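Predicted, not measured: the structure shown is a model, and the values here were computed from it. Naming: A, B, ... by sequence-line order, numbering from 1 per chain.
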2 protein chains.
Amino acid sequence: MKHSEHNDKLCPLAQTLGIVGDNWTLLILRNAFLGARRFDDFQQQLGLTRHVLTDRLKKLVEHDIFKKVPYGASNSRFEYRLTQKGAALSPVLMALGSWGNQWLFEKEQQPMRYTHKTCGAELQMTAYCTCCDINVSSSDIKMVTGPEIETLKKSLSPQQLTQALGFMPQSP
Amino acid sequence: MKHSEHNDKLCPLAQTLGIVGDNWTLLILRNAFLGARRFDDFQQQLGLTRHVLTDRLKKLVEHDIFKKVPYGASNSRFEYRLTQKGAALSPVLMALGSWGNQWLFEKEQQPMRYTHKTCGAELQMTAYCTCCDINVSSSDIKMVTGPEIETLKKSLSPQQLTQALGFMPQSP
DNA sequence: GATATTAAGTTCCTTTTAGGAACTTAAATA
DNA sequence: TATTTAAGTTCCTAAAAGGAACTTAATATC
């Protein structure tokens, strides 16, 4: 059974992974954030095969993460540009990059860091509560399930629920 | 050419993706955060084939994201528990989940949200500067390259640099 | 104390996806 | 007009994933 056939339509994380949860796709997005726009740019920078790139770009356009914009006086050459929805993925890439910086390299040997333009200090990703205007540590985060999952919880046993969702909505 | 053969040893994001940048791996981590510990738990919850699960767990243990802890009076049954390094991936999963919540569902139809325990409001991922004690918007973030990439910049043309790295370290 | 069941993998086979290189077609450049 | 470039497509091979049955030791049950 492929996971996409699973009933995890109710997990935003799984849904997101269904769109961008792929090595090449995330590297394509990285390069897009760094300025790449054209098919051959992505292909040469990343060294992936052309038909895989075709496939991934198509998928990203279908999901409105890239928009395909013609350039020049042509109708057959295009730039792939991040949409607002695509640009909103930057916290994902930053979280991945920051983790790599912190856990895969020695301090002082980090090859590339995200820093605060003003002071030069390294940034870290954190959860922020707009309501309270504070950053929230993981012990103060609660996962709240919506009405659909609540309904399932009432009608299914814990095991059936897990089977249906592909995950356990709450820690045991 | 497989991307892992690329010389992107100098990109923390690419390095991280080499470890966890895989659909199943990230779903395994999701379920680990929600309490799954044992081989068959992961297998039944996710529905992935057993040898793929074996492979992914092995890789995660090798990279010190899970530790394999025997349980019972046995030396052949194990729990896979997140290490500190593994637990530090939670911003990655939250960033993915938050993006999905915001961009793949209508408000009020989000199946599951990350909320602030105290006030119940939904959280968002943001970059935080420990030095200035403020959250930093993307326009105030600067990517700074370390000494190794700076050396490459001096000895290679932009195109050679891109070939060597697999990406352009700065926007054009 | 024998029997059945569970847990954690392995093995084998088939299907799908990815890698590699050459080919196509139209557009921009020389 | 001839050449190169851009954006794919096509074809073939290699690697990875899906599916199901099999193994081996450890618990649990009778």
To the nearest angstrom, how far is [X] atom [atom1] from [N] atom [atom2]?
X: B:His51; N: D:dC22; atom1: NE2; atom2: P; result: 17 Å
X: B:Phe39; N: C:dT10; atom1: CZ; atom2: C1'; result: 10 Å
X: A:Lys58; N: D:dA7; atom1: NZ; atom2: P; result: 18 Å
X: A:Tyr71; N: C:dT29; atom1: OH; atom2: C1'; result: 13 Å
X: A:Asp41; N: D:dA6; atom1: CG; atom2: P; result: 8 Å
X: B:Lys68; N: C:dA7; atom1: NZ; atom2: C1'; result: 12 Å
X: B:Phe78; N: D:dA25; atom1: CZ; atom2: P; result: 13 Å
X: B:Asn23; N: D:dA16; atom1: CG; atom2: P; result: 17 Å

For this session: Would you check if the side chain of B:Lys9 reaches a backbone N or O of B:Leu165 as a donor-acceptor pair within less than 3.5 Å?
Result: no

For this session: Ignoring hydrogens and angles, tell me if any N or O in the side chain of A:Gln43 forms a donor-acceptor pair with the backbone of A:Leu48 under 3.5 Å.
Result: yes

Problem set entry | Side-chain-base donor-acceptor pair under 3.5 Å for B:Arg77 and C:dT6 | yes

For this session: Would you kindly check whether a donor in the side chain of B:Arg50 faces an acceptor in the base of C:dA8, or vice versa, at under 3.5 angstrom?
Result: yes

Problem set entry | Min side-chain heavy-atom separation A:Ile65-A:Leu29 under 4.5 Å | yes

Exercise. Taking NZ, NE, NH1 and NH2 as the nitrogens, is one of them in B:Glu62 or B:Lys59 under 4.0 Å from a carboxylate oxygen of the other?
Worked result: no

Problem set entry | B:Arg50 bridged to B:Asp40 by N-O distance under 4.0 Å | yes

Closest to side chain of [X], choosing from [options]:
X: A:Thr54; options: D:dT9, D:dG18, D:dA26; value: D:dT9
X: B:Ala73; options: C:dG19, D:dT9, D:dT27; value: D:dT27
X: B:Ser74; options: C:dA18, D:dG8, D:dA26; value: D:dA26
X: A:Asp40; options: C:dG9, D:dA7, C:dA18; value: D:dA7

Please check the phosphate of [N] (OP1 and OP2 only) for any side-chain N or O of [X] closer than 4.0 Å.
X: B:Tyr80; N: C:dA7; result: no
X: A:Asn75; N: C:dA27; result: yes
X: B:Arg38; N: C:dT6; result: no

Exercise. Mapping A:Arg56 and A:Gly72 onto DNA chain C by nearest heavy atom, which one lands closer to the 5' end?
Worked result: A:Arg56

